[in-house]
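First up is the structure itself, then whatever we jot down about it.
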Amino acid sequence: MAKYPFESIEKKWQKRWEDEKTFAAAEDPSVPKEKRRYVLDMFPYPSGAGLHVGHPEGYTATDIYCRFLRMRGYNVLHPMGFDAFGLPAENYAIQTGTHPEVTTMANVDRFRTQIKSLGFSYDWDREVSTCTPDYYKWTQWIFLQLFKRGLAYESEMPINWCPSCKTGLANEEVKDGLCDRCHTKVTRKRIRQWVLKITAYADRLLDGLDGLDWPEPIKLMQRNWIGRSEGASVHFELEGHEEKLEIYTTRPDTLFGATYMVLSPEHPYVEHITTLEQKAAVAAYVEAAARKSDLERTDLAKEKTGVFTGAYAINPVNGAKIPVWISDYVLISYGTGAIMAVPAHDERDWDFAKAFGLPIIQVVAAPGETGPFDKTPDKCTAADGFAVNSGKFDGLPTDQAIAQVTAWLAEKGIGKKAVNYKLRDWLFSRQRYWGEPIPVVHCEKCGIVPLDEKDLPLLLPEVKSYAPTGTGESPLANIPEWVNTTCPCCGGPAKRETNTMPQWAGSCWYYLRYLDPKNADAFVDPAKEKYWMPVDLYVGGAEHAVLHLLYSRFWHKVLFDIGVVSDDEPFRRLVNQGMILGEDNQKMSKSRGNVVNPDDIVRDFGADSMRVYEMFMGPLQVSKPWSTAGLVGVSRFLERAWATSEKPIAGIAPSAEHLKLLHKTIKKVTLDTDTLNFNTAISQMMIFLNEVSKLDSLPRALWEPFVVMLAPYAPHLGEELWERLGHAAGVSKVAWPAYEEALTLDDEKEIVVQVNGKIRDRFTATAGGAEDALRETALALPKVREWTEGKQIAKVIVVRDKLVNIVVKG
RNA sequence: GCGAGAGUGGUGGAAUGGCAGACACGCUAGACUUAGGAUCUAGUGCCUUACGGCGUGAGGGUUCAAGUCCCUUCUCUCGCACCA
């Protein structure tokens with residue numbers, strides 16, 4: 001069989017789609033809201049390596065879905081763009097001196113060409129790149145809105161620092177103590193930085209998840225990342241000091257069991273509450289803790305360490321004098337940086353108390369446990385139970401004890417209900433060149449002054465050297481003529497902010513710019529925003545679970561609060577595509593040599609084979625290994641479709657059997673495409689073609705619907721086959737075929753006959769036949785009688801159109 | 001350690017509690033040929049000459065009937081990891 005001429009077919013149709021702007025989306029007001037869909041792909045970072053086979057997976061899925069929706073009468077917005085600021089281009093610039101803009105734009109061109117070669121139905125007039133001034137003008141504009149609302153602030157605190165990337169990192173960018181990008185060990189560094197107050201939105205980011213159609217694991221990861229906990233804050237008096245020590249606990253019911261206190265080594269009280277005798281030991285411990293990275297503090301600190309400060313606190317519930325220690329198992333960044341230690345009911349406190357011989361008092365007993373409770377417990381238990389050794393709270397179950405102790409604390413004015421989050425504010429500044437300049441100046445008189453909105457964009461200046469200074473300042477700091485400016489407020493001398501924004505900034509809102517990409521007066525026209533938003537389906541990798549997807553939701557809520565978007569959640573439905581692994585079942589990587597280049601596949605097998613194969617590999621959401629042999633199978637399917645199309649088309653009616661197969665196929669392909677189960681839809685089309693390709697001539701009524709269904713999957717071939725059927729207008733505008741339920745049903749069914757659950761025989765019967773008749777037929781079968789002879793029939797189960805199960809005894 | 005997800009032929013995978021292995025790859029045999037990443041036909045879970053038996057990580061359970069529901073357990077992947 002001749003290889004079908006995919007090279008010429010694909011070129012021909014791609015050109016036609018481009019020339020005719022076939023997939024341009026317009027805000028047609030006559031289309032009701034429920035017939036509009038915004039289907040979004042996670043846009044790529046245009047790396048120097050070019051497109052990877054992983055990219056087209058999600059892109060093909062959304063493309064098939066969009067083409068399917070259009071054929072079913074939806075107005076579809078399906079755009080593509082580029083996440084174009086980022087470190088690789090800048091690192092390349094450092095090595096070669098080539099401006100990152102030059103390499104980035106070259107990479108964007110290459111990516112665009114590669115993406116177009118796969119025949120995706122994007123509206124290319126809406127393409128955006130986050131690094132162009134007309135785009136980042138609005139990224140800077142959003143930053144100014146954050147600043148004006150007090151959601152962007154300067155801070156100087158120890159942060160995560162990647163010595164290789166020479167920049168600060170957000171908590172979300174650190175995995176296992178390593179830089180998420182380059183896997184270098186992260187250190188701690190104290191520098192001035194910009195921080196976004198994402199914690200102000202913690203509750204809304206948490207609550208908003210409930211209404212989203214997202215994979216549960218992703219929602220759970222965001223919930224865990226936000227890490228809301230409820231408890232109480234309690235003030236402890238410090239013996240001989242004016243100030244009180246505030247702690248946070250989720251278990252105020254265990255207050256009577258607090259036998260010591262622990263401060264984080266960074267806690268502001270440490271210095272002045274430490275007694276003279278303890279000064280040297282405490283100072284040494286604090287210094288050692290400061291030198292350790294977070295990784296060392298957690299990973300290596302299996303053994304609890306700490307030092308007594310010499311100070312004592314007073315337990316407010318019983319007046320007991322308890323020692324105050326410092327230890328690095330208490331984190332300065334969570335709660336108040338200080339805890340009450342209840343060793344009997346907290347593993348960490350238990351370990352610490354055991355290591356330093358501190359007292360342990362049981363204050364919670366397991367349900368049913370009987371006293372006496374005056375012994376030192378021999379193990380730690382964090383489980384709920386009822387209060388003991390707790391004065392008037394004795395006997396209360398844990399939940400009630402928590403409520404009553406909290407109420408009692410509030411009444412006495414020594415504590416109150418409190419909520420804490422694991423989520424930290426978002427470290428937003430990068431000490432690098434290739435990012436959006438932060439649009440503020442530092443004025444000696446006026447302090448931090450935002451630029452006027454009319455002065456945006458604040459352009460990235462040219463620099464001689466792209467190399468980061470490594471001192472915590474970006475290369476921009478080395479350009480005095482750019483740094484030195486005048487204050488927009490007082491007109492006096494001022495210095496520009498030299499930090500830039502992280503890569504996440506541009507990707508936080510790109511889905512909004514697609515709606516109105518060329519608008520010079522607003523980041524989006526409100527009418528256009530209302531027309532399309534929110535995004536109906538967002539497809540991308542799961543690696544952004546707590547990065548992009550959390551940041552975007554945060555910005556979107558802020559934009560909602562200032563009234564420029566109409567929903568407070570941007571992405572209604574999210575689907576994560578699985579990873580495509582190498583043929584060796586390992587993650588694709590240059591070093592393993594198992595990388596598959598999409599260009600090679602398109603060249604050798606065509607874009608349609610590539611598309612259909614990636615969808616046929618298995619469910620979209622799971623990881624699966626690439627197999628070029630498997631791709632050949634799909635390629636054969638398309639070749640068979642081509643070969644079959646060369647048979648004469650007949651105006652005759654299809655046989656009843658073929659008609660039934662057609663309607664079954666339409667039903668399955670329709671349902672499976674709608675639910676993104678592309679692999680089984682393709683399988684059904686294969687079954688159909690395997691039958692129809694046996695015919696000598698093709699009934700038009702059989703072949704046309706097949707070509708239409710194939711078109712979203714293999715659009716080039718679909719268009720070509722449609723044209724060969726004598727149609728002038730493109731197949732992408734044709735209505736999706738309908739099926740008749742009655743024609744999908746079989747007239748005859750094979751009935752399985754089981755004896756005690758084992759299949760012994762089968763027979764055919766008219767569909768929908770009476771159960772009695774099925775039972776009688778089954779019992780009369782000779783093979784069945786062999787198995788039932790001499791035995792007592794206890795029960796006969798009949799499932800209409802499916803089976804008869806005869807239960808025998810003896 | 002905690003949390004989530006997944007374990008089905010030689011391979012990718014399919015199965016509203018009702019015929020396990022659809023579809024595809026690979027393999028075996030045959031046909032054909034303009035020798036191609038061909039095509040066509042038949043076969044292909046394991047054991048057994050057969051009758052039949054056994055089979056969805058392992059072990060229990062519920063049910064007339066379990067890959068599917070419940071319990072226990074193992075392995076792998078991902079996320080979090082002293083968050084008081």
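Since we're looking at a predicted model, the values are computed, not measured. Each chain gets a letter, A, B and so on, in the order the sequences are listed, and its residues count up from 1.
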Starting at atom [atom1] of [X], determine the distance to atom [atom2] of [N], rounded to an integer number of angstrom.
X      : N     : atom1 : atom2 : result
A:D672 : B:A14 : CG    : C1'   : 11 Å
A:K791 : B:C64 : NZ    : C1'   : 16 Å
A:I806 : B:G18 : CD1   : C1'   : 15 Å
A:E543 : B:C80 : CD    : P     : 13 Å

Check whether [X] reaches the backbone of [Y] with its side chain - one donor and one acceptor, N or O, closer than 3.5 Å.
X      : Y      : value
A:D176 : A:L178 : no
A:T673 : A:T670 : no
A:H345 : A:T254 : no

Distance-only polar pair, side chains of [X] and [Y], donor-acceptor under 3.5 Å:
X      : Y      : result
A:D349 : A:Y329 : yes
A:T309 : A:Y269 : no
A:E614 : A:T60  : no
A:S333 : A:R424 : yes
A:Y421 : A:D203 : yes

Taking a pair as Watson-Crick or G-U wobble with both distances under 3.5 Å, which nucleotide is matched to [N]?
N     : value
B:C46 : B:G53
B:C19 : none
B:C2  : B:G79
B:U39 : B:A31

Have a look at [X] and say if it touches a base, only the backbone sugar-phosphate, or nothing, with a 4.0 Å heavy-atom cut-off.
X      : answer
A:V262 : nothing
A:S333 : nothing
A:F637 : nothing
A:T249 : sugar-phosphate
A:V807 : sugar-phosphate
A:I687 : sugar-phosphate

Criterion ring-ring contact (aromatic ring centres under 6.0 Å, His included) on A:F605 and A:F6, from CA distance to verdict: CA-CA 8 Å; A:F605 299 93; A:F6 57 80; 7.8 Å; no
What orientation do A:F706 and A:F688 show, parallel under 30°, tilted 30 to 60°, or perpendicular over 60°? parallel
Using the ring of each side chain (for Trp, its six-membered ring), is A:F352 parallel, tilted or perpendicular to A:W325, with breaks at 30° and 60°? perpendicular
How far, in whole Å, is [M] from [N] if one measures between their [atom1] atoms?
N     : M     : atom1 : value
B:G57 : B:C64 : P     : 25 Å
B:G67 : B:G55 : C1'   : 11 Å
B:G18 : B:A65 : C1'   : 7 Å
B:C25 : B:U44 : C1'   : 13 Å
B:C54 : B:U62 : C1'   : 23 Å
B:U68 : B:U63 : C1'   : 13 Å
B:A84 : B:C19 : P     : 49 Å
B:G12 : B:G7  : P     : 12 Å

Using heavy atoms to find the nearest nucleotide of RNA chain B for A:T628 and A:K795 separately, return the residue whose nucleotide is more 5′. A:T628
On RNA chain B, check which nucleotide each of A:I797 and A:E172 is closest to and give me the residue with the more 5' one. A:I797
Going by heavy atoms closer than 4.0 Å, what residues in residues 751-769 of chain A are next to RNA chain B? A:V752, A:Q754, A:K758, A:I759, A:R760, A:R762
Considering only side-chain heavy atoms of [X], which listed nucleotide, [options], is closest?
X      : options             : result
A:D176 : B:G37, B:C64, B:A81 : B:A81
A:N690 : B:A81, B:G18, B:A24 : B:A24
A:K694 : B:G18, B:C80, B:U41 : B:U41
A:W787 : B:G53, B:A84, B:A81 : B:G53

All N/O contacts under 3.5 Å from nucleotides 45-51 of chain B to the protein, with atom names and distances to one decimal?
none

Is [X] salt-bridged to [Y], cutoff N-O under 4.0 Å?
X      : Y      : answer
A:E691 : A:K694 : yes
A:R223 : A:D210 : yes
A:R228 : A:E230 : yes
A:K219 : A:E216 : yes

Donor-acceptor pair present, A:K587 side chain and B:U77 base, under 3.5 Å: no
For nucleotides 26-32 of chain B, print each protein N/O atom paired with a nucleotide N/O atom at under 3.5 Å, atom names and distance only.
none

Examine B:A84: is either OP1 or OP2 under 4.0 Å from a nitrogen or oxygen in the side chain of A:Y329? Give yes or no. no
Using a cut-off of strictly less than 4.0 Å, decide whether A:S229 has a side-chain nitrogen or oxygen near OP1 or OP2 of B:A84. yes
Residues passing the side chain to side chain contact (heavy atoms under 4.5 Å, CB included) test with A:A338, sequence neighbours excluded, are A:L245, A:I247, A:L263, A:H267, A:T336
Residues at least two apart in sequence or cross-chain that pass side chain to side chain contact (heavy atoms under 4.5 Å, CB included) with A:P316, listed by chain then number, are A:V234, A:F236, A:I414
B:G9 glycosidic conformation (syn if within 90° of 0, otherwise anti) is syn
How does each nucleotide of nucleotides 2-13 of chain B score, in 5' to 3' order, for protein heavy atoms under 4.0 Å: base (B), sugar-phosphate only (S), or none (-)? -SS-------BS
